[in-house]
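Sequence lines set the chain letters: A, B, ... in the order given, protein chains first and strands last, and positions in each chain run from 1.
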Protein chains: 2
Amino acid sequence: MATISDVAARAGVSTATVSRALNGKSTVDPELAARVLVAAEELGYHPNGLARNLRRQETAVLALIISDVENPFFTAIARGVEDLAQVSGYSVVLCNSDENEDKERRYIDVALQERVAGVVLSPTGRSTNVDRLRRQGTPVVAVDRPLTGPDGDQVLVDTRRAARDATRHLVAGGYRRIACLTGPAGVRTADDRLAGYLDAVGEENALFRRAEYRAEGARVAATELLELPDPPDALLVANSTMTIGVLETLASRGVRPGRDVGIVSFDDAPWTTLIDPPLTVVAQPAYEVGRVAAQLLLARITDGTRRPTTTTLEARLIERQSSRR
Amino acid sequence: MATISDVAARAGVSTATVSRALNGKSTVDPELAARVLVAAEELGYHPNGLARNLRRQETAVLALIISDVENPFFTAIARGVEDLAQVSGYSVVLCNSDENEDKERRYIDVALQERVAGVVLSPTGRSTNVDRLRRQGTPVVAVDRPLTGPDGDQVLVDTRRAARDATRHLVAGGYRRIACLTGPAGVRTADDRLAGYLDAVGEENALFRRAEYRAEGARVAATELLELPDPPDALLVANSTMTIGVLETLASRGVRPGRDVGIVSFDDAPWTTLIDPPLTVVAQPAYEVGRVAAQLLLARITDGTRRPTTTTLEARLIERQSSRR
DNA sequence: ATGAAAGCGCTAACAT
DNA sequence: ATGTTAGCGCTTTCAT
């Protein structure tokens with residue numbers, strides 16, 4: 001594999017000149033520069049990023065650690081991050097932590113080792129430890145869920161309020177016994193959505209179940225709720241993956257969404273308009289979350305002294321037919 | 001940020017010993033090793049991967065360049081690659097080429113620069129150029145779509161046969177005028193699925209449209225087909241993203257899937273059982289494609305002289321109700 | 001078993 | 001404007 005010295009030799013100049021020519025630095029004689037370019041081309045030269053980054057003490061790589069690559073909410077964030085990073089010349093390493101603190105920790109290690117320029121992270125759990133990153137001065141932006149401990153940059157969605165509004169919408173639709181299906185305790189979005197639900201129905205009317213943010217767990221929880229002596233007539237479901245489980249359960253029991261049981265789901269997945277009746281959803285600005293996070297991260301990379309910011313974006317209730325009888 | 005010399009100084013040994021101790025190399029006096037570990041711990045030392053890789057002339061990073069992060073088919077591949085890479089100590093950089101040859105080329109450059117150990121790639125187009133990777137000796141395995149030119153490792157799905165079987169299934173179901181909605185010309189999966197369809201209906205009965213592998217294009221194409229004087233009574237759709245567009249179009253025109261127009265779609269997306277009627281699909285072993293690709297890649301990384309392999313996996317027709325009247 | 005020293009490929013002072 | 005040189009942090013001969 002050709003190195004900078006090979007190019008220098010071929011062009012009859014020093015490696016320094018090659019470096020300068022290739023990086024468009026300072027003033028290099030146009031003729032020499034041309035010779036360098038030709039030589040590089042002929043040799044199929046590609047600069048060694050490792051050596052460059054080692055020397056420069058910086059990389060143009062961002063790590064994005066998300067909890068589920070198969071969840072459209074997170075892939076939309078990924079797109080947002082990527083689109084913004086891309087135009088600034090950064091590449092994005094997508095790491096899938098799988099809601100697993102071990103994998104998350106391992107990926108943080110990788111980020112540290114590879115000396116990435118910054119990290120966007122949707123913290124898996126209660127105990128996500130970003131201290132190691134902070135200690136090394138690697139900028140971090142949390143998305144979707146806040147980091148515990150001292151403040152850093154964050155991009156969140158006002159999900160409690162969204163849950164409250166969604167629940168009120170169900171109340172207004174005439175549903176009288178509304179249940180909430182949310183994620184595990186300690187996961188902030190799960191807790192917030194539950195809290196918003198409670199805001200709307202009041203503690204005394206609370207009926208909820210927790211499960212993993214997965215279809216499987218939601219099936220179990222939904223079955224439980226439906227088999228109650230006094231089953232709910234409406235469901236607020238905390239993410240679209242869970243909603244898949246819920247809808248399957250309803251279908252298998254012959255319970256009709258909307259008519260028999262009102263449904264509002266978080267996340268406007270692409271299929272929500274295809275089902276019958278179309279699903280009323282809380283649309284989160286996932287792409288925007290990603291973009292803003294990347295912006296914040298890049299800003300902090302260039303200026304480490306910025307004051308930490310928390311950006312809270314609003315979600316939007318999209319009323320379709322699953323919340324009408 | 002602490003370096004190996006800091007650790008060496010603190011432990012009162014040479015950097016060589018620190019390196020050996022930390023990498024569990026050869027025989028290091030247990031007592032010294034312990035001292036090194038303590039010193040490293042105290043300093044919060046994280047080895048600099050850049051320097052290590054530069055020296056070792058190798059990285060433990062794989063690049064995965066796929067054409068659409070939001071397509072469940074590709075995210076399933078990503079999972080497969082990641083799961084397998086992970087246990088071998090490799091991390092995976094996910095790059096989203098967006099069916100865009102420019103972005104694809106740029107990511108290939110990044111892979112080259114960062115000296116990744118290998119690349120898994122779903123080639124965007126006719127003219128994907130992997131020569132630069134090959135020339136540098138970076139192992140590449142193509143997934144989903146073959147690379148043009150001299151052979152390399154590939155993991156494909158027998159998608160032509162799957163399309164033929166799916167079409168025959170529609171014929172057997174009593175549909176008489178079956179149309180095919182496929183991707184752009186030159187994209188191998190699109191061409192193969194069309195070919196399989198033609199195998200089954202015969203050239204003389206051919207009725208097909210091409211569009212981007214997106215919901216939007218599929219909407220237009222579906223509308224066109226439905227407005228024909230002699231419209232189709234069944235549709236074979238080449239991917240699940242397009243199917244979303246098709247189903248929306250049908251719904252907006254009051255055409256009932258299955259009953260009025262039979263539907264078979266490629267890809268068993270998570271929502272396909274939720275719609276009414278449940279969707280008959282061609283399930284591709286995407287996760288498996290990813291796993292096998294990663295296996296091949298790792299094998300080639302350790303032994304560059306292996307003969308190139310093409311693995312072709314079978315797809316499976318899952319008969320549900322959208323292909324029955 | 002341990003240390004000294006070279007060098008991976010590049011960039012940035014510094015010198016000319 | 002160009003070349004010389006040092007050094008980024010690590011691993012790995014080569015001595016000892």
Does a side-chain N or O from [X] land closer than 4.0 Å to OP1 or OP2 of [N], or not?
X	N	answer
A:T17	D:dT2	no
A:K25	C:dT11	no
B:S14	C:dT2	no
B:T3	D:dG9	no
B:N53	C:dC8	no
A:S19	C:dC10	no
B:Q57	C:dG9	yes
B:R52	D:dG9	no

Report yes or no: do [X] and [Y] form a side-chain donor-acceptor pair below 3.5 Å?
X	Y	result
B:E101	B:T124	no
B:D83	B:Y287	yes
B:S67	B:S122	yes
B:Y45	B:T3	no

Query raised in the report: So, does the side chain of A:R20 form a donor-acceptor pair with the base of D:dG3 at under 3.5 Å?
Result: yes
Query raised in the report: With a 3.5 Å cut-off and just heavy-atom distances, do the side chain of B:R55 and the base of C:dG9 make a donor-acceptor pair?
Result: no
Of all the heavy-atom pairs spanning [X] and [Y], show the shortest one and how long it is.
X	Y	answer
A:G186	A:D191	N-OD2, 3.1 Å
B:T59	B:E114	CG2-O, 3.9 Å
A:V18	A:A8	CG2-CA, 3.6 Å
B:T15	B:S5	CG2-CA, 3.9 Å

What's the [atom1]-[atom2] distance between [X] and [N], to the nearest Å?
X	N	atom1	atom2	answer
A:E114	D:dG9	CD	P	16 Å
A:I4	C:dG7	CD1	P	18 Å
A:M1	C:dC8	CE	P	14 Å
B:Q136	C:dG9	CD	P	12 Å
A:R56	D:dA6	CZ	P	22 Å
B:L32	C:dA1	CG	C1'	9 Å
A:N23	D:dA1	CG	C1'	17 Å
B:R115	C:dC10	CZ	C1'	11 Å

Requested in this report: Choose from D:dG3, C:dG3, C:dC10 the nucleotide whose nearest atom is closest to any side-chain atom of A:V13.
Outcome: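 Selected nucleotide: D:dG3.
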**Report entry** DNA chain C: 5'-proximal contact among B:A51 and B:G12 (nearest heavy atom)
**Finding:** B:G12
Query raised in the report: Using a heavy-atom distance cut-off of less than 4.0 Å, which residues of residues 35-48 of chain B contact DNA chain D?
Result: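 Heavy-atom cutoff 4.0 Å gives B:Y45, B:P47, B:N48.
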